[in-house]
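The structure appears right after this line, and notes come after that.
Throughout, protein chains are lettered first and strands after them, A, B, ... in sequence-line order, and every chain is numbered starting at 1.
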Amino acid sequence: MIQPRTLKGFRDHLPAQALARERLLEVARRIYRSYAFAPIDTPALEYLEVLTGKGSDETDKQLYRFVDHGGREVGMRFDLTVPFARFAAQHAHELGLPFKRYHMATVWRGENTQRGRYREFMQCDFDTIGTTSPVADLEMVLVVHDLLAAIGLERFTIRINDRRVLAGILERLGLAGQATGVLRSLDKLAKAGPEKVAAELAEQGVAEAATTTLLEMAQLTGPNAEVLPRLADLAGEGRGGAGVAALEGIVAGAQAAGVPSGRLVIDPGIARGLDYYTGIVLESFLDELPSLGSVCSGGRYDNLAGLYTKQPLPGVGASLGIDRLLAGLEELGQAPARETPAELFLAHFDPAHVNDYLAIAAALRQAGIAVEFFPEPRKLGQQLKLADKRGIPAALVIGSDEFKGGTAQFKDMAAQTAATIDWQGDIATLVAAVRERLAGTAAG
RNA sequence: GUGGCUGUAGCUCACUCGGUUAGAGCGCCGGUUUGUGGUACCGGAGGUAGCGGGUUCGAAUCCCGUCAGCCACCCCA
């Protein structure tokens, strides 16, 4: 016997979880499309050099790599940004700029696992490339907002910052050269606390006065209207000032687009470890589960595909981590409890009427109703019990008596009520009646 | 990858200093009810204690290894 098992960080998805996942994907797809992002797909496997080109040593360590049957050095994608960069470089001339795409796919990272942190997980990226317009930046914020709202989250916060603010302040402090290290340290502020960050900065040779300024900056909190002027003071003119102005524009634009205030917060402490960001950066958190980390992050970059083409491709985009989000929803008890897509259970009551059942099921399905027709003429009680256990919202019972009278019994499983449908043997009438009643059930 | 905690039935957990056939609740299956699901009652199935090795007369219990989950670091979705 081979022991059935899965690798560390790789998971099976049972119906309840898979349904919840698919629902998130559907919502994401709908929102992306509503902003006119177009779908693309790329291979799971790439030439190793394509993936490691940008390679920080960290991503190199996490990369799944091997030599394929043809002796090629290959790697599995660990995010969707690098494949997109390659894709953009390869197809830029056929795309037309600016170009907006979304890409929902599985990625692999050989890192250590934790809750909401897996070795195989799905990302839902969207990016706009070929424009530096602040409108594109704003759009990213709006998409993230609409996405999290459409998923049904009530309490979430999108935190934004602008790398130029950080860069400007670092320049003023004479720390431009060690930006990456300083940003990495600042990024830990929320988790590690100011003392730890101060100590780390000191280790990097940052002067005490500079550390004080940086921490003051990173810990600015309050309503956007209060944070902005204080940030402007710290940032001064030049790049920093431009960053503050950009943030101001985003806040105003988001308000104009109807984002409730409080959901979008300027947080100068958001630095993001990735060093390719050059403008706005964004992270989003579930208010009840901050420890889960960001479920959707992104930002603006100057040049997406510099490794693969001379054509400069500036862009802005973000990535929704649906597996992490799903872990969060589960923990909050907000994941749907259903384990079947069926909307209606059709009891297999009288075996003599199988063909009638099949005809009815076919008509219902034609009408867009997901029907489970029970395959065996088991005891009615058992059938209903199973339908209830699966969480099917409604059941249709038609026995020989009903067939004789041209009626049907429609049961609302959650409400435990039954109603009689009079259809006189006309399937179209039955379908219309079922559809109407389904709209009234809990799932409708 | 480094360090720590955990691993007993489908799920949540118990089993006093290592000591007989490892228990409970929930869930599951069946019956009471050969045409009607959440309650009640009755009955039943299900565990080589993650896996492998060691110590011991004897291991779920102690030790080592391994696999997996979680937590911290790191990094990030």
Side-chain angles (χ1 to χ4, degrees), chain A residues 1-12 14 24 28 56-63 78-81 104-125 144 147 180 183-185 187-188 191-192 196 200 270-275 281-286 291-298 318-328 331 345 347-351 353 374 377-404 408-418:
Chain A
M1 269 315 205
I2 296 162
Q3 194 190 18
R5 53 183 187 153
T6 51
L7 287 162
K8 181 186 178 75
F10 290 73
R11 303 157 303 149
D12 286 327
L14 272 63
L24 291 187
S56 63
D57 28 334
E58 198 56 47
T59 51
D60 266 18
K61 262 192 259 166
Q62 300 183 352
L63 197 65
F78 57 88
D79 71 8
L80 299 178
T81 305
M104 310 197 292
T106 306
V107 303
W108 297 269
R109 290 183 197 173
E111 66 174 337
N112 239 341
T113 55
Q114 237 164 82
R115 175 191 55 158
R117 215 172 142 155
Y118 313 103
R119 290 188 168 176
E120 177 180 67
F121 59 98
M122 234 185 183
Q123 291 194 320
C124 303
D125 277 32
V144 171
L147 196 51
T180 303
L183 291 180
R184 288 245 162 102
S185 297
D187 207 35
K188 295 173 195 163
K191 266 194 173 180
K196 190 115 186 277
E200 258 191 49
I270 296 293
R272 308 236 64 216
L274 301 173
D275 50 7
V281 287
L282 163 155
E283 294 193 345
S284 41
F285 299 88
L286 308 188
S291 68
L292 189 67
S294 174
V295 294
C296 188
S297 318
S319 181
L320 173 73
I322 68 155
D323 288 295
R324 176 173 290 184
L325 182 54
L326 216 48
E331 192 160 334
F345 181 86
H348 191 153
F349 201 165
D350 184 351
H353 284 283
F374 203 71
R378 226 185 266 176
K379 279 200 285 188
L380 195 55
Q382 282 184 30
Q383 293 191 41
L384 290 171
K385 200 172 167 187
L386 189 77
D388 192 44
K389 182 195 172 253
R390 290 265 169 83
I392 302 176
L396 198 59
V397 177
I398 315 175
S400 48
D401 293 353
E402 282 83 356
F403 275 114
K404 262 178 222 152
Q409 207 183 127
F410 180 93
K411 299 172 88 77
D412 181 331
M413 299 302 279
Q416 282 201 86
T417 56

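Remark: of the listed residues A/Leu396, A/Val397, A/Thr417, A/Val397 is the sole one forming a side chain to side chain contact (heavy atoms under 4.5 Å, CB included) with A/Lys411.
Remark: A/Ser297 pairs with A/Ser294 by the side chain to side chain donor-acceptor pair (under 3.5 Å) rule, at least two apart or across chains. Residues satisfying the side chain to side chain donor-acceptor pair (under 3.5 Å) criterion with A/Glu402, sequence neighbours excluded, are absent altogether. Partners of A/Asp401 by side chain to side chain contact (heavy atoms under 4.5 Å, CB included), not counting sequence neighbours, listed by chain and number: A/Lys404. Residues satisfying the ring-ring contact (aromatic ring centres under 6.0 Å, His included) criterion with A/Phe374, sequence neighbours excluded, are A/Phe345. A/His353 meets the side chain to side chain donor-acceptor pair (under 3.5 Å) test with A/Asp356; sequence neighbours excluded. Under the side chain to side chain contact (heavy atoms under 4.5 Å, CB included) criterion, A/Asp79 pairs with A/Thr81, A/Val82, A/Pro83, A/Arg109, A/Gln123, sequence neighbours left out. Residues passing the salt bridge (Lys or Arg N to Asp or Glu O under 4.0 Å) test with A/Glu111 are A/Arg117, sequence neighbours excluded. In this structure A/Arg378 satisfies the side chain to side chain donor-acceptor pair (under 3.5 Å) test together with A/Glu376, sequence neighbours excluded. For A/Asp323, the salt bridge (Lys or Arg N to Asp or Glu O under 4.0 Å) partners are A/Arg11, A/Arg21, not counting sequence neighbours.
Side-chain atoms of A/Arg324 come within donor-acceptor range of the base of B/C76, with a qualifying N/O pair under 3.5 Å. Interface remark: the A/Glu111 side chain does form a donor-acceptor pair with the B/A77 base, using a distance-only criterion of under 3.5 Å. Residue A/Gln382 places no side-chain atom within donor-acceptor reach of the base of B/G30, judged by atom type and a 3.5 Å distance cut-off alone. Put simply, the side chain of A/Gln409 and the base of B/U36 share a donor and an acceptor less than 3.5 Å apart.
In this structure, the nucleotide among B/U32, B/U36, B/A77 sitting nearest to the side chain of A/Leu380 is B/U36. Comparing atom distances between the A/Ser297 side chain and each of B/A77, B/U36, B/G37 picks out B/A77 as nearest. Nearest to the side-chain atoms of A/Lys411 among the listed nucleotides B/U36, B/C74, B/C75 stands B/U36.
The CG-C1' distance, from A/Leu325 to B/A77, rounds to 10 Å in whole Å. Residue A/Lys389 contributes atom NZ, which lies 14 Å from atom P of B/U39 at whole-angstrom precision. A/Leu386 places its CG atom 10 Å from the P atom of B/C28, with the value rounded to the nearest Å. Between the C1' atom of B/G31 and the NZ atom of A/Lys385 lies a distance of 11 Å, rounded to the nearest Å. Summarising the geometry, the separation between CG on A/Asp401 and C1' on B/G35 is reported as 8 Å, rounded to the nearest angstrom. The distance between atom CG of A/Asp12 and atom C1' of B/G10, rounded to the nearest whole Å, is 15 Å. Look at CZ on A/Arg390: it is 13 Å from C1' on B/C28, rounded to the nearest Å. Rounded to whole angstrom, the span from the CZ atom of A/Phe349 across to the P atom of B/G37 amounts to 11 Å.
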Identify all pairs in which a protein N or O lies below 3.5 Å from an N or O of nucleotides 4-7 of chain B, and state each distance.
none

Pairs under 3.5 Å (N/O, protein and nucleotides 64-72 of chain B):
{"residue": "B/A68", "atom": "OP1", "partner": "A/Lys8", "partner atom": "N", "Å": "3.0"}
{"residue": "B/G69", "atom": "OP1", "partner": "A/Gly9", "partner atom": "N", "Å": "2.9"}
{"residue": "B/C71", "atom": "OP1", "partner": "A/Arg115", "partner atom": "NE", "Å": "3.3"}
{"residue": "B/C71", "atom": "OP2", "partner": "A/Arg115", "partner atom": "N", "Å": "2.8"}
{"residue": "B/A72", "atom": "OP2", "partner": "A/Gln114", "partner atom": "OE1", "Å": "3.0"}
{"residue": "B/A72", "atom": "N7", "partner": "A/Gln114", "partner atom": "NE2", "Å": "3.3"}

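Comparing A/Ala415 and A/Gly399, the nucleotide of RNA chain B nearest to each residue sits closer to the 5' end for A/Gly399.
Rounded to whole Å, the P atom of B/A22 lies 12 Å from the corresponding atom of B/G47. Taking atom C1' on both nucleotides, B/A60 is separated from B/C42 by 33 Å, rounded to a whole Å. For the C1' atom pair drawn from B/U6 and B/C13, the interatomic distance equals 14 Å after rounding to whole Å. Comparing the same atom, P, in B/G65 and in B/C5 gives a spacing of 13 Å after rounding to whole Å. Rounded to whole Å, the C1' atom of B/C15 lies 11 Å from the corresponding atom of B/A24. One C1' atom belongs to B/G35, the other to B/C26, and the distance between them is 31 Å to the nearest Å. Comparing B/A45 with B/G30, their C1' atoms are spaced 10 Å from each other, to the whole Å. When the C1' atom is compared between B/G18 and B/A59, the two are found 6 Å apart, to the nearest whole Å.
Contact between A/Met413 and A/Ala387 at its shortest, heavy atoms only, is CE-CB, 4.2 Å. Smallest separation of non-hydrogen atoms from A/Cys296 and A/Ser284: O-OG, 2.6 Å.
Counting non-hydrogen atoms under 4.0 angstrom, A/Glu120 reaches nothing in the nucleic acid. Across all strands, A/Met413 comes closer than 4.0 Å to base atoms (heavy-atom distances).
The line from CG of A/Leu292 to CZ of A/Arg115 is 5.5 Å long, rounded to the nearest 0.5 Å. Atom CZ of A/Phe349 is separated from atom CG of A/Leu380 by 4.5 Å, given to the nearest 0.5 angstrom.
Stem regions annotated for RNA chain B: B:1-7 with B:67-73, B:10-13 with B:23-26, B:28-32 with B:40-44, B:50-54 with B:62-66, counting only runs of 3 or more consecutive pairs of Watson-Crick or G-U type with both contacts under 3.5 Å.
Residue A/Lys379 places at least one side-chain N or O closer than 4.0 Å to OP1 or OP2 of B/G31.
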